[in-house]
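See below for the structure under consideration.
Below, chain A is the first sequence line, B the second, and so on; all start at residue 1. Values reported hereafter were calculated over all heavy atoms of this structure, with side chains retained and with hydrogens, waters and symmetry mates removed.
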Protein chains: 2
Amino acid sequence: MQMQIQNAFRALADPTRREIVQILASGDMTIAQLTDQFDMTRAAVKKHLTVLSDGGLITVEARGRERINRLEPNGLAPILDWFSYFDQFWDDRLNNLKEAIERNKK
Amino acid sequence: MQMQIQNAFRALADPTRREIVQILASGDMTIAQLTDQFDMTRAAVKKHLTVLSDGGLITVEARGRERINRLEPNGLAPILDWFSYFDQFWDDRLNNLKEAIERNKK
DNA sequence: TTGACATGATACCATTTGGTACCCCATAAA
DNA sequence: TTTATGGGGTACCAAATGGTATCATGTCAA
């Protein structure tokens, strides 16, 4: 639904949450592990994780007494879909990104 | 600087501002014209435009007593650059989008 | 069982945010 | 010169936001 787009954009609007996303890109982490990376309480990190989850950007897997936070690959889809509305404005850049990725694959 | 990314993401976090961006994609508009498209005061629209300008997503050109608001094509660049960090997660997505664009070009 | 650890949940607080109302200035039009 | 229109700027307000502190719960280990 449309709310998903709003939640996704809102989730990425905060610098701490964007950093969490970047950290999780390099590997799954528990809440405690993530908290070690920031200068704030576990409760604050947990709130950010809830917002990220609402935005569909991460998934959480219960594992014993731990909660494994994992980046959701398809979470960026709604945002990219929204951007696709502006093809005529960022075609060139999109093509450049695509080419860079192609080079990386070789 | 890094602040530009934050301002850009923040600008897109609000649904009204995303709608303004979409409207401006179809043509430049004055503040009064934009206000006609929404159920809010001119002052509120003006605030949104200021945020969009801070985010580098639009430019404003003074023209007589009017202010022409124009979508800035390169404004999305910082956001796309940030996304490029997650190549491994949205490679497929990007490919699909690229293919769709290729089809449209034919 | 007992204790330590990982998390959940809530109350509370300061700041930011989205919005209105209001007044002022510049400019176009009569 | 009036008069109307487009916009800037500020004060103010309610709600959302980001954070802490605190307490409760479940689970692993000795």
Side-chain angles (χ1 to χ4, degrees), chain A residues 2-24 27-72 79, chain B residues 2-24 27-72 79:
Chain A
Q2 200 68 14
M3 198 58 188
Q4 191 63 22
I5 292 185
Q6 173 56 27
N7 287 341
F9 270 105
R10 172 177 177 262
L12 291 179
D14 182 86
T16 299
R17 286 194 290 268
R18 286 197 304 277
E19 198 172 344
I20 290 176
V21 168
Q22 289 187 326
I23 291 174
L24 290 182
D28 305 342
M29 277 194 189
T30 66
I31 298 179
Q33 286 173 326
L34 276 170
T35 302
D36 288 341
Q37 307 283 324
F38 296 93
D39 185 27
M40 66 181 70
T41 62
R42 177 185 54 79
V45 173
K46 171 61 164 64
K47 279 192 178 183
H48 284 306
L49 290 173
T50 299
V51 175
L52 286 170
S53 179
D54 289 344
L57 296 177
I58 67 170
T59 56
V60 186
E61 177 195 350
R63 193 165 180 172
R65 62 179 169 181
E66 296 181 337
R67 298 291 181 282
I68 310 297
N69 298 275
R70 176 173 297 121
L71 197 59
E72 170 57 47
I79 293 184
Chain B
Q2 201 68 13
M3 198 58 188
Q4 191 64 22
I5 292 186
Q6 172 57 27
N7 286 342
F9 270 106
R10 172 176 176 261
L12 292 180
D14 181 87
T16 299
R17 286 193 289 269
R18 287 197 304 277
E19 197 172 344
I20 289 177
V21 169
Q22 289 188 325
I23 291 175
L24 290 182
D28 305 342
M29 278 194 188
T30 66
I31 298 179
Q33 287 173 325
L34 275 170
T35 302
D36 288 341
Q37 307 283 324
F38 296 94
D39 186 27
M40 66 181 69
T41 63
R42 176 182 55 77
V45 173
K46 170 61 162 64
K47 279 192 179 182
H48 284 306
L49 289 173
T50 298
V51 175
L52 286 170
S53 178
D54 290 344
L57 297 177
I58 67 170
T59 56
V60 185
E61 177 194 349
R63 194 166 182 172
R65 64 178 168 181
E66 295 182 337
R67 298 291 181 281
I68 311 296
N69 298 278
R70 176 172 297 121
L71 198 57
E72 169 58 46
I79 293 184

Option passing side chain to side chain contact (heavy atoms under 4.5 Å, CB included) with B:F9 (candidates A:R18, A:R17, A:R10): A:R18
Any B:T41 side-chain nitrogen or oxygen under 4.0 Å from OP1 or OP2 of C:dG19: no
Could you tell me how far apart B:R67 (CZ) and C:dC25 (C1') are, to the nearest whole angstrom? 11 Å
Picking from D:dT20, C:dG19, C:dT7, the nucleotide nearest the side-chain atoms of A:E66 would be C:dT7
With heavy atoms under 4.0 Å as the rule, sort A:A43 into base, sugar-phosphate or nothing. base
Examine the base of D:dG8 for any acceptor or donor lying under 3.5 Å from a partner atom in the side chain of B:R42, and report the outcome as yes or no. yes
N or O in side chain of A:H48 less than 4.0 angstrom from D:dG19 OP1/OP2: yes
Flag, side chain of B:E66 to backbone of B:R63, donor-acceptor distance under 3.5 Å: no
For the base of D:dG7, is there a side-chain donor-acceptor partner from B:R65 under 3.5 Å away? no
As a test of understanding, state which of B:V51, B:L12, B:L24 forms a side chain to side chain contact (heavy atoms under 4.5 Å, CB included) with B:L57. B:L12
Distance below 4.0 Å between A:R63 side-chain N/O and C:dA6 OP1 or OP2: no
Could you pick out which residue, B:K47 or B:G64, lies toward the 5' side of DNA chain C when each is mapped onto its nearest nucleotide? B:K47
Quick one, A:H48 and A:M40 - any side-chain contact, counting heavy atoms below 4.5 Å? yes
Report yes if at least one side-chain N or O of B:R10 is closer than 4.0 Å to OP1 or OP2 of C:dT16; otherwise report no. no
Nearest-nucleotide check on DNA chain D, B:V60 vs A:R17; residue mapping nearer the 5' end is B:V60
Report which part of the nucleic acid A:A32 touches: base, sugar-phosphate, or nothing (heavy-atom distance under 4.0 Å, all strands). sugar-phosphate
Report the distance from atom NZ of A:K46 to atom P of C:dC5, rounded to the nearest whole Å. 21 Å
